[in-house]
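Beneath this line is the structure, given in structure tokens, with notes to follow.
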2 protein chains.
Amino acid sequence: MSCPGNPSGEPLAQLRYLSREEAEALEKELLEDYRFGRQQLIEIWGHACALAVTKAFPLATLPRKQPTVLVVCGPEKNGAIGLVCARHLRVFEYEPTIFYPKRSPTPEYQDFTTQCEKMDIPFLSYLPTEVQLINDAYNVVIDAILGADAEPGEMKEPYTGILATLKQIRIPIVSLDVPSGWDAESGSSEGISPDVLVSLAAPKLCAARFLGRHHFVAGRFLPYDVQKKFELNLPEYPGTECVVSL
Amino acid sequence: MSCPGNPSGEPLAQLRYLSREEAEALEKELLEDYRFGRQQLIEIWGHACALAVTKAFPLATLPRKQPTVLVVCGPEKNGAIGLVCARHLRVFEYEPTIFYPKRSPTPEYQDFTTQCEKMDIPFLSYLPTEVQLINDAYNVVIDAILGADAEPGEMKEPYTGILATLKQIRIPIVSLDVPSGWDAESGSSEGISPDVLVSLAAPKLCAARFLGRHHFVAGRFLPYDVQKKFELNLPEYPGTECVVSL
């Protein structure tokens with residue numbers, strides 16, 4: 001059977017890692033040419049991220065008695081994807097808690113916040129600086145702070161402080177698209193070391209430096225012509241799943 | 001393990017069938033109280049409908065050489081869900097063809113059309129009145145024409161003609177939410193007889209008269225408080241799946 005990423009059945013060409021410019025061009029094509037809605041893309045990606053978490057950390061394997069997950073959300077798109085991820089994790093029987101220190105004024109992002117609030121997902125008013133409290137309370141931390149657009153050199157409070165805390169914790173971190181503190185292209189030797197990376201659409205160049213256990217790609221919905229134009233060479237997604245493990 | 005539909009683990013109460021008024025109140029609650037976006041809901045439901053089709057008609061079991069599916073879309077929300085369903089079916093390796101005789105002027109619905117067009121999903125300019133042509137060309141027809149809001153007595157052309165054709169075809173029909181020509185509450189003895197029904201959020205009253213092979217419910221994302229308020233008593237969704245077979 002053919003697949004969108006490999007219609008010929010021939011050996012797959014090498015997986016493509018995107019530069020920041022290419023990632024932006026791909027997103028622009030989806031939004032402007034294909035007329036995908038921002039809310040629609042965030043819903044698709046957030047759902048896929050939640051599924052990646054269920055694969056990397058199945059409910060039955062969590063070390064804590066409660067299936068707690070801390071989702072740390074940044075101010076822009078990556079944070080909104082984190083909110084959607086938290087909502088779906090709640091539906092999948094996890095117990096997410098959200099830390100969202102700077103809420104976006106964008107109405108569509110506010111709607112994602114309301115959905116979580118109305119579903120009684122707790123929001124932390126501050127992140128404990130005592131890392132042992134985080135290690136003890138949660139099974140996993142989801143880093144939905146900064147995405148591919150972020151310039152790590154320009155990072156400000158409260159995110160520099162949050163990152164300093166995340167660097168010290170011992171529970172696994174799942175990073176969405178680009179680990180916070182990393183440069184989307186060159187990565188970082190000083191940033192966090194996530195256990196799981198979920199690349200949106202395709203890995204960014206920095207993903208070549210990812211050394212964690214699981215690397216998922218979420219982007220099955222990508223039109224074939226977009227995959228071809230950007231030479232993504234994605235592996236075949238299993239069954240009807242929306243994430244694939246590399 | 002508890003589930004949102006059955007947190008106590010006790011025997012499930014009987015599945016609830018919604019009146020038209022209850023279905024409208026549930027949708028209103030999602031849109032106004034929970035601030036779900038219309039585009040977001042349509043994406044979630046269309047994706048779930050495509051998954052239901054893959055379960056009822058797996059690629060490997062289709063009788064035709066090509067995995068063709070005809071998706072007939074109405075002018076309103078149900079039609080937009082059909083467009084999203086077609087898009088995901090394409091991603092799942094099916095070959096959807098869309099018949100969408102009256103395109104909605106609503107921009108968000110137009111965006112769903114553009115997504116399909118840009119993915120090279122063919123649109124029929126007319127529906128063959130010779131039913132044998134439909135029987136021969138497609139494996140399945142998806143009826144995304146009219147939903148729970150429609151008053152069957154007020155149905156006009158081109159939909160009366162389309163329904164007359166669909167009543168005669170011999171290939172299986174998948175109806176989204178309410179089979180076209182049926183009243184959402186009382187059903188119909190004169191409408192089509194779908195093989196598969198995909199209920200959105202919860203079955204409508206008319207679903208009690210559904211005699212086809214597969215009845216799916218798509219609405220795993222529904223907040224627990226909404227499920228409780230409307231006493232949906234949904235069965236447990238398997239794994240991380242977004243549809244459940246009744």
Side-chain angles (χ1 to χ4, degrees), chain A residues 1-4 7 29-44 46-47 50-55 58-60 67 84 87-93 107-108 110-121 219-226 236-237 239-243, chain B residues 1-4 7 29-44 46-47 50-55 58-60 67 84 87-93 107-108 110-121 219-226 236-237 239-243:
Chain A
M1 189 187 310
S2 69
C3 82
E29 181 138 348
L30 291 178
L31 292 169
E32 294 181 8
D33 295 356
Y34 284 82
R35 304 288 307 160
F36 277 93
R38 287 180 195 280
Q39 197 186 43
Q40 184 184 10
L41 290 180
I42 288 168
E43 178 67 30
I44 291 171
H47 177 247
L51 280 166
V53 172
T54 69
K55 288 180 188 302
L59 273 180
V84 174
R87 208 184 75 233
H88 285 285
L89 284 176
R90 182 71 204 85
V91 169
F92 295 146
E93 309 290 315
E108 64 201 358
Q110 288 179 338
D111 286 349
F112 291 124
T113 309
T114 305
Q115 291 161 25
C116 289
E117 287 175 334
K118 293 275 299 180
M119 278 176 74
D120 294 328
I121 299 176
R220 185 166 192 167
F221 73 99
L222 289 181
Y224 174 62
D225 284 351
V226 172
E236 190 165 355
Y237 284 81
T240 52
E241 295 189 5
C242 57
V243 290
Chain B
M1 192 187 307
S2 68
C3 83
E29 182 137 347
L30 291 178
L31 293 169
E32 296 182 7
D33 295 356
Y34 283 83
R35 303 289 308 162
F36 277 93
R38 287 180 195 280
Q39 198 186 41
Q40 185 183 11
L41 290 180
I42 288 168
E43 178 67 29
I44 291 171
H47 176 247
L51 280 166
V53 172
T54 68
K55 287 178 188 303
L59 272 179
V84 174
R87 205 184 79 232
H88 285 286
L89 284 176
R90 182 72 205 86
V91 169
F92 295 147
E93 308 291 316
E108 64 200 0
Q110 288 178 339
D111 286 348
F112 291 124
T113 309
T114 305
Q115 291 161 25
C116 289
E117 286 175 337
K118 292 276 298 179
M119 278 175 75
D120 294 327
I121 299 175
R220 183 165 194 169
F221 73 98
L222 288 181
Y224 174 62
D225 284 350
V226 171
E236 191 166 353
Y237 284 79
T240 53
E241 296 191 3
C242 58
V243 290

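Note that these values count all heavy atoms, side chains included, but never hydrogens, waters or copies made by symmetry.
Ranked by heavy-atom pairs shorter than 4.5 Å toward chain B, the options A:Met119, A:Gln40, A:Gln110, A:His47 are led by A:Gln40.
Atoms CZ and NZ, from B:Arg35 and A:Lys118 in turn, are 11.5 Å apart once rounded to the nearest 0.5 Å. In this structure, CD1 in A:Ile44 is found 5.0 Å from NE2 in B:His88, a value given to the nearest 0.5 Å. Atoms CZ and CD, from A:Phe36 and B:Gln39 in turn, are 10.0 Å apart once rounded to the nearest 0.5 Å.
A:Tyr34 and B:Gln115 get closest at one heavy-atom pair: O-CG, 3.0 Å. Of all heavy-atom pairs between A:Thr114 and B:Asp33, the closest is CG2-O, 3.8 Å. Between B:Thr240 and A:Phe92 the shortest heavy-atom distance is O-CE2, 3.6 Å.
Interface remark: A:Glu43 contributes side-chain atoms only to the contact with chain B (heavy atom separation under 4.5 Å).
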Q. B:Tyr224 and A:Arg90: side-chain contact (heavy atoms from CB on, under 4.5 Å), yes or no, with the steps?
A. CA-CA 10 Å; B:Tyr224 174 62; A:Arg90 182 71 204 85; over 6 Å; no
